[in-house]
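In what follows, every heavy atom counts, from backbone to side chain, and hydrogens, waters and symmetry copies are set aside. Residue numbering restarts at 1 for every chain, and letters A, B, ... go by the order of the sequence lines. Everything quoted here is computed from the prediction, not taken from an experiment.
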Amino acid sequence: MNRTKRIKSIESPEMTGVPDSHMQILSIIRQIPRGKVCTYGRIAMLAGLPGRARLVGKVLRYSPLANGVPWHRVVNASGCISLRSGESPVRQKSLLEGEGIRFNLAHRVDLNQYLWESRHASKRRGK
DNA sequence: AGTTTGACTAATG
DNA sequence: GCATTAGCCAAAC
């Protein structure tokens, strides 16, 4: 399957520069409900791109935030906010706190409590 | 065309 | 828990 191959011979001359993988990733992020977070790695996995966590970050960086994508609900595997240098994590933190998400003293969220696991799962995660 | 970089992560020590 | 390493891959040098 060609996930990075962009088809030139498509009916629409426009919008041919967006790889399928990016659309998949954005699609997953859009499903993160309010008050929950998801990790880069898990998003990649749900998008059918296991191991491509960095691609998720890249997509978010290049994607205009005007896409209705709840970018602020994406944190790293440690529950910390990962932001590009230059940007303050305060904004993302505020947005999450506004949804009822609490941060601990290490500025981390409790993934045990807030991680969105996409429908089913319901795996036993400690207590 | 080779190297570096990055909104990442799991595995080690 | 922190530092290092290795995998990852597309864009930027």
Nearest-Å distance, CG (A:L105) to P (C:dG1)?
12 Å
Please tabulate the protein-to-nucleotide N/O contacts below 3.5 Å involving nucleotides 9-13 of chain B, giving atom names and distances.
| from | atom 1 | to | atom 2 | distance (Å) |
| --- | --- | --- | --- | --- |
| B:dT9 | OP1 | A:Y40 | N | 3.3 |
| B:dT9 | OP1 | A:G41 | N | 3.2 |
| B:dT9 | OP1 | A:A77 | N | 3.2 |
| B:dT9 | OP2 | A:A77 | N | 2.7 |

In whole angstrom, what separates A:L26's CG from B:dA7's P?
17 Å
Taking distance alone, no hydrogens or angles, what donor-acceptor pairs closer than 3.5 Å link side-chain atoms of residues 22-29 of chain A to residues at least two apart or in another chain?
none

A:L55 side chain: which of C:dA10, C:dC8, B:dA7 is closest?
C:dA10
Distance in angstrom units between A:R52 CZ and B:dA7 C1', rounded
18 Å
Starting from the 5' end of DNA chain C, give me the residue, A:H22 or A:R108, whose nearest nucleotide shows up first.
A:R108
Non-hydrogen side-chain atoms of A:V74 and A:Y40 separated by less than 4.5 Å
yes
Less than 4.5 Å apart, any side-chain heavy atom of A:R42 and any of A:T39?
yes
Taking the P atom in each of B:dA7 and C:dA6, what is the distance between them to the nearest angstrom?
22 Å
Earlier contact from the 5' end, DNA chain C, for A:K58 and A:G51
A:G51
For A:E99, enumerate each residue passing the salt bridge (Lys or Arg N to Asp or Glu O under 4.0 Å) test, keeping only those at least two apart in sequence or located in another chain.
A:R73
What is the distance, rounded to the nearest whole Å, between atom CG of A:L60 and atom P of B:dG6?
17 Å
Take atom C1' in C:dC13 and the same atom in B:dA1, then report the distance between them in whole Å.
12 Å
Do A:W116 and A:Q31 touch side chain to side chain, with heavy atoms closer than 4.5 Å?
yes
Measure the CD1-CZ distance between A:I101 and A:R34 for me, rounded to the nearest 0.5 Å.
9.0 Å
Nearest whole angstrom, please: distance from the P of C:dC9 to the CZ of A:R61.
18 Å
